[in-house]
Amino acid sequence: MSKWPGNIDAAARVASHLADNAVRHGKPFPDDKIVLRLLAHGETDELLVEVDDAFPDFSGFDQVANQSPEPRLSPSGLWWPAHYRGTISWDLKRDGDGMVIGKTVQALLPATWDGSA
């Protein structure tokens, strides 16, 4: 992340909430881990925050993905990507043989965020 020109506090908040959501609503892999990855895209200046867990479902995703970025008194954890003008998505996670082993939730954050929602 040190090469990502965006707001590091915003990225840390989004990563924290995605990981927290996986712990609360997903399940760990057999090695008791949930995986967090941060990937900075040099060409687009976007940051990809990914969290993998072993629960292969995301009920209510459409509601989560289409949240307003407007400020809230008590925002849910997955509201934060919208607040920072990011997008959220998810897909099934498969092993090398194509067997479903969980899911990956992604938040794509732009480098520019002027602090207003």
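Below, all heavy atoms of this structure are taken into account, side chains as well, without hydrogens, waters or symmetry copies.
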[X]-[Y] co-clustered via ILVMFWY side chain contacts under 4.5 Å:
X: Val35; Y: Leu18; value: no
X: Val105; Y: Ile101; value: no
X: Leu48; Y: Tyr84; value: no
X: Leu39; Y: Val51; value: no

Contact summary for [X] and [Y], nearest pair of heavy atoms:
X: Pro28; Y: Ala54; result: O-CB, 3.4 Å
X: Pro56; Y: Leu92; result: O-CD2, 3.4 Å
X: Asp53; Y: Ala22; result: OD2-CB, 4.0 Å
X: Asn7; Y: Ala10; result: OD1-N, 2.8 Å
X: Trp4; Y: Pro110; result: CZ2-O, 3.4 Å
X: Gly86; Y: Leu109; result: CA-CD2, 4.0 Å

Should [X] and [Y] count as side-chain neighbours, where that means a heavy-atom distance under 4.5 Å?
X: His41; Y: Asp45; result: no
X: Trp90; Y: Gln106; result: no
X: Ile34; Y: Phe29; result: no
X: Phe55; Y: His25; result: no
X: Val64; Y: Trp79; result: no
X: Val49; Y: Pro81; result: no
X: Glu50; Y: Leu36; result: no

May I ask you to decide if Met99's main-chain N or O and Asp97's side chain share a donor-acceptor pair within less than 3.5 Å?
->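 No: the side chain of Asp97 does not pair with the backbone of Met99.
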Parallel, tilted or perpendicular: which describes the rings of Trp80 and His17, with under 30° parallel and over 60° perpendicular?
->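 It falls in the parallel class, under 30°.
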For Glu46, all residues meeting side chain to side chain donor-acceptor pair (under 3.5 Å), sequence neighbours excluded =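 Residues passing side chain to side chain donor-acceptor pair (under 3.5 Å) with Glu46: Thr44.
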Just verifying a value: how many Å separate [X] [atom1] and [Y] [atom2], rounded to the nearest 0.5 Å?
X: Arg85; Y: Leu108; atom1: CZ; atom2: CG; value: 15.0 Å
X: Ile88; Y: Leu78; atom1: CD1; atom2: CG; value: 4.5 Å
X: Asn66; Y: Phe61; atom1: CG; atom2: CZ; value: 7.5 Å

Results of salt bridge (Lys or Arg N to Asp or Glu O under 4.0 Å) for Arg94 - residues two or more places apart only |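 With sequence neighbours excluded, Arg94 shows a salt bridge (Lys or Arg N to Asp or Glu O under 4.0 Å) to no residue whatsoever.
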Could you tell me whether Asp9 and Arg13 make a salt bridge, using a distance below 4.0 angstrom between a side-chain N and a carboxylate O?
->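 Salt bridge between Asp9 and Arg13, a charged N being under 4.0 Å from a carboxylate O: no.
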Return yes if a side-chain donor-acceptor contact under 3.5 Å exists between Asp52 and Thr104, otherwise no.
->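 Their side chains do contain a donor-acceptor pair, which is all the 3.5 Å distance test asks for.
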